[in-house]
Chemist: 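Dropping the structure in here first, questions after.
All values derive from a computational prediction rather than experimental measurement. The basis for the numbers below is simple: all heavy atoms, side chains too, and nothing from hydrogens, waters or symmetry mates.
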Amino acid sequence: MDNINNQEEQKKKRKLIVLLFLVILLLASGMTAYFLKDRFFTEPRVISGLPELETGLEVMSDEQMLKFMQSEVDKDKININLKHEISVSKETSVAQLAVKNKPTNAYSIQVEYLLKEGNEQLYKSGLIPTNRQLSEVKLKKSLSEGSHEVMIIYTIFDEEKQINQSTIDAVLYVS
């Protein structure tokens with residue numbers, strides 16, 4: 001009889017443990033739902049009404065709007081000013097280049113001037129960062145008076161490497 005009573009007591013203890021476990025599980029689920037309800041079950045708040053419109057506002061002019069829109073487009077592009085007709089002093093071989101790497105550009109550049117006839121290099125710059133310009137340079141070779149066709153090769157660099165290169169035709173006027 002002791003054995004039967006002992007078995008019944010063990011069954012009651014197991015039922016009590018299972019019941020206690022279920023109560024703890026239920027409490028944990030309820031607490032979790034309570035703390036996470038704001039994160040997952042909130043209704044959207046409707047905010048009604050806007051502040052009053054500011055007085056004294058001005059409409060942007062077409063020119064201002066175009067300038068703004070161009071600056072947004074220029075962020076991903078490079079805009080370089082190069083002279084296509086370049087004056088060169090016969091006595092000093094100094095060329096008036098006027099290469100401008102605008103401050104709106106994101107890249108540094110390098111320019112190289114080659115005579116079309118014979119592909120002879122007349123000048124090659126170092127790196128020209130943004131917001132810098134190259135006004136005049138001494139050419140490597142003295143040229144005869146008159147006009148000379150050249151190619152301007154400009155190379156674009158980011159902080160680590162060359163990313164693009166382009167060629168433009170130009171004329172040197174030696175006088």
Chemist: Distance-only check: which donor-acceptor pairs under 3.5 Å involve side-chain atoms of residues 10-17, not counting sequence neighbours?
Modeler:
none

Chemist: With a cut-off of 3.5 Å and sequence neighbours excluded, list every side-chain donor-acceptor pair involving residues 116-125.
Modeler:
residue: Lys116; atom: NZ; partner: Asp169; partner atom: OD1; Å: 3.0
residue: Lys116; atom: NZ; partner: Asp169; partner atom: OD2; Å: 3.4
residue: Glu120; atom: OE1; partner: Lys141; partner atom: NZ; Å: 3.0
residue: Gln121; atom: OE1; partner: Lys140; partner atom: NZ; Å: 2.3
residue: Gln121; atom: NE2; partner: Glu112; partner atom: OE2; Å: 2.6
residue: Ser125; atom: OG; partner: Val111; partner atom: N; Å: 2.9
residue: Ser125; atom: OG; partner: Val111; partner atom: O; Å: 3.4

Chemist: Report the residues that fulfil side-chain contact (heavy atoms from CB on, under 4.5 Å) with Ser144, sequence neighbours left out, ordered by chain and then residue number.
Modeler: His148
Chemist: Taking all non-hydrogen atoms of both residues into account, name the closest pair between Ser108 and Thr130 and its distance.
Modeler: OG-N, 4.4 Å
Chemist: Is the count of non-hydrogen atoms from other residues, nucleotides or ligands lying under 6.0 Å from Glu63 atom CD greater than 12?
Modeler: no
Chemist: Which residues satisfy the side-chain contact (heavy atoms from CB on, under 4.5 Å) test with Ser142, sequence neighbours excluded?
Modeler: Ser93
Chemist: If you group Ile, Leu, Val, Met, Phe, Trp and Tyr whenever their side-chain heavy atoms sit less than 4.5 Å apart, what else falls in with Met151?
Modeler: Leu114, Ile153
Chemist: First locate atom CD1 of Ile156, then atom CD1 of Ile128, and finally report the distance between them rounded to the nearest 0.5 Å.
Modeler: 12.0 Å
Chemist: Let me see the working for Tyr113 and Leu97 under side chain to side chain contact (heavy atoms under 4.5 Å, CB included), right down to the final yes or no.
Modeler: CA-CA 10 Å; Tyr113 291 78; Leu97 299 182; 3.7 Å; yes
Chemist: To the nearest 0.5 Å, what is the distance between CG (Leu143) and CG (Leu115)?
Modeler: 5.5 Å
Chemist: Report the residues that fulfil side chain to side chain donor-acceptor pair (under 3.5 Å) with Ser89, sequence neighbours left out, ordered by chain and then residue number.
Modeler: Thr92
Chemist: Other than Val18, what residues sit in its cluster of Ile, Leu, Val, Met, Phe, Trp and Tyr side chains whose heavy atoms are under 4.5 Å apart, directly or through others?
Modeler: Leu22
Chemist: Does some side-chain heavy atom of Ile109 sit less than 4.5 Å from a side-chain heavy atom of Val99?
Modeler: yes
Chemist: Can you list every salt bridge (charged side-chain N to carboxylate O under 4.0 Å, His left out) pair that touches residues 18-31, not counting sequence neighbours?
Modeler: none
Chemist: Taking the hydrophobic residues Ile, Leu, Val, Met, Phe, Trp and Tyr, and joining any pair whose side-chain heavy atoms are under 4.5 Å apart, which ones share a cluster with Tyr173?
Modeler: Val171
Chemist: Would you check if Tyr107 and Asn164 make a side-chain contact, meaning some heavy-atom pair closer than 4.5 Å?
Modeler: no
Chemist: Applying side-chain contact (heavy atoms from CB on, under 4.5 Å), name anything that partners Ser175, two or more places apart in sequence or on another chain.
Modeler: none
Chemist: Is it the case that one hydrophobic cluster holds both Ile152 and Ile163, taking links as side-chain heavy atoms less than 4.5 Å apart, direct or via other members?
Modeler: yes
Chemist: Mind checking what makes side-chain contact (heavy atoms from CB on, under 4.5 Å) contact with Glu160, not counting sequence neighbours?
Modeler: Asp158
Chemist: Mind checking what makes salt bridge (charged side-chain N to carboxylate O under 4.0 Å, His left out) contact with Glu136, not counting sequence neighbours?
Modeler: none
Chemist: Going through the checks in order, is the side chain to side chain contact (heavy atoms under 4.5 Å, CB included) test met by Leu172 and Leu139?
Modeler: CA-CA 11 Å; Leu172 296 179; Leu139 300 179; 4.2 Å; yes
